[in-house]
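Notes follow the structure.
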Amino acid sequence: GLLMSRGDMGIYDPEDIFCPYPTSLLHIEEVCASIVHSHRETSQYRVEDLQALRWKLFSREEIHAYQSKSVDEMWQHCALRLTEAVQYVVEFAKRIPGFRQLCQNDQIVLLKSGSMELVLVRMSRMFNTENSTVFFDGKFAGKELFKSLACNDLITAAFDLAHNLCALRLNEQQVALFSALVLINADRPCLEERGRVERVRKEVELALSHTLHRDNQEGLLHKLYQKVAVLKSICSLHIEKLRWFRQLYPLTVHSLFPPLYKELFGSDSDLPLLTTH
Ligand SMILES: CCS(=O)(=O)c1ccc(CNC(=O)N2CC3(CCCC3)c3nc(-c4c(OC)ncnc4C4CC4)ccc32)cc1
């Protein structure tokens, strides 16, 4: 498009109404490189390691042990795994160019609303479409392992999304840029400086379309935007289940859920764990 024709001079042309900010190709390539690097550094498991573990499946006995856990035991166990995953996502977010320049409130709003969506995107990297298993607790698990969560619709939705994202065969660069795009969303409620979030997002959008253009895969952009809607619906279903679970087991949530829970799903806004150091 017009932006790309500018070359790396970034010359600001007053007549140019399409580009109020000089976004040069060089700068976009720097944004790409930085986001992909941050993704690698904060991805919890490398793709090559997951490939090597591909056929490490839970035995029937191990699956039975998970299925014999009580509902609140299994939720606690999953909560710990999810919290670990969210902490890596928080690290990734903090390294997205421009994220730490956003005001504290907006950083937290984006993380509160986007971290679970990012965990779901990352889950697709840990999914084996040949036997519909996901890497969980050190091995690959089928969805029957999560039976005692009593959330089969939620788990099925998460597995289906992982399957569909896998089918797009995104490379790590595309996963990294898509992840950043999912997080930097200027439409989130309660943002204080929406315009600034929009500008950071614009750069990520350019980086993603630049990468897809270079990989000759522009068709993916439309499919990725469709996936954003699915991420949102799974997260709403997840919050519903969380409310249901908290009504049944208030003590578990209050005392045994990780501290991150109160930050991400609690009402208080002073959030030590998520602040940028
Ligand atoms: C965020 C921190 S927190 O605020 O303290 C917090 C908030 C909510 C909960 C309860 N939800 C929960 O545990 N869930 C939900 C879902 C199922 C679907 C959407 C994500 C999920 N997934 C996993 C998980 C995986 O977690 C890393 N890794 C691989 N597979 C899976 C499951 C097959 C989907 C593991 C836990 C897990 C717990 C903790």
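None of the values given here were measured: they were computed from a predicted structure. For ligands, and for the atoms within them, numbers begin at 1 and follow the listed sequence.
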Exercise for the section: Using heavy-atom distances, let me know which of Arg81, Gln76, Met123 sits nearest atom 22 (N) of ligand 1. Expected result: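 Nearest heavy atom to atom 22 (N) of ligand 1 lies in Met123.
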Exercise for the section: Would you indicate which of Lys143, Glu84, Met116, Gln44 comes nearest to atom 20 (C) of ligand 1 when only heavy atoms are counted? Expected result: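 Residue with the shortest heavy-atom distance to the ligand atom: Met116.
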Subset of ligand 1 atoms that lie under 4.0 Å from at least one heavy atom of [X]:
X: Phe146; value: 32 (C), 33 (C)
X: Val86; value: 1 (C)
X: Ile155; value: 17 (C)
X: Phe159; value: 33 (C)
X: Ala158; value: 18 (C)
X: Ala85; value: 27 (C)
X: Leu242; value: 8 (C), 9 (C), 10 (C)

Practice task
Please work out whether the ring planes of Trp75 and His238 are parallel, tilted or perpendicular, with thresholds of 30° and 60°.
Solution key: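 Judged by the thresholds at 30° and 60°, the geometry between Trp75 and His238 is parallel.
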Problem - Carboxylate-amine/guanidinium proximity below 4.0 Å for Glu91 and Arg95 - result: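 Result for this pair is yes, salt bridge flagged.
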Handout entry: Electrostatic pair Lys202-Glu205, nearest N-O below 4.0 angstrom
Key =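 So Lys202 pairs with Glu205 through a salt bridge.
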Problem - Backbone N/O of Leu181 and side chain of Arg201: donor-acceptor pair under 3.5 Å - result: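 Yes, the answer is positive, given that a donor and an acceptor are paired below the 3.5 Å cut-off.
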Exercise for the section: Consider only side-chain heavy atoms of I, L, V, M, F, W and Y, link residues closer than 4.5 Å, and tell whether Val228 and Val197 are in one cluster. Expected result: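 Yes, because Val228 and Val197 connect within a single hydrophobic cluster, where side-chain heavy atoms sit under 4.5 Å apart.
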Using heavy atoms and a threshold below 4.0 Å, how should the contact between [X] and ligand 1 be classified: side chain, backbone, both, or neither?
X: Ala79; answer: both
X: Phe135; answer: backbone
X: Lys241; answer: neither
X: Cys78; answer: both
X: Ile234; answer: neither

Problem - Summary of ring pair (Phe, Tyr, Trp, His ring centres under 6.0 Å) pairs that have at least one residue in residues 177-196, sequence neighbours excluded - result: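 Matches after skipping sequence neighbours: none remain.
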Exercise for the section: Kindly write out the residues that satisfy side-chain hydrogen bond (donor to acceptor under 3.5 Å, both in side chains) with Arg243, not counting sequence neighbours, or none if the list is empty. Expected result: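 Partners of Arg243 by the side-chain hydrogen bond (donor to acceptor under 3.5 Å, both in side chains) criterion come out as none, since no residue qualifies.
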Practice task
Tell me yes or no: between the side chains of Thr129 and Arg169, is some donor less than 3.5 Å from an acceptor?
Solution key: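 Looking only at side-chain atoms, Arg169 and Thr129 do not form any donor-acceptor pair under 3.5 Å.
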Exercise for the section: Give me the one residue out of Phe58, Phe127, Phe135, Tyr45 that meets ring-ring contact (aromatic ring centres under 6.0 Å, His included) with Phe140. Expected result: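 Result: among Phe58, Phe127, Phe135, Tyr45, Phe135 is the only option passing the ring-ring contact (aromatic ring centres under 6.0 Å, His included) with Phe140.
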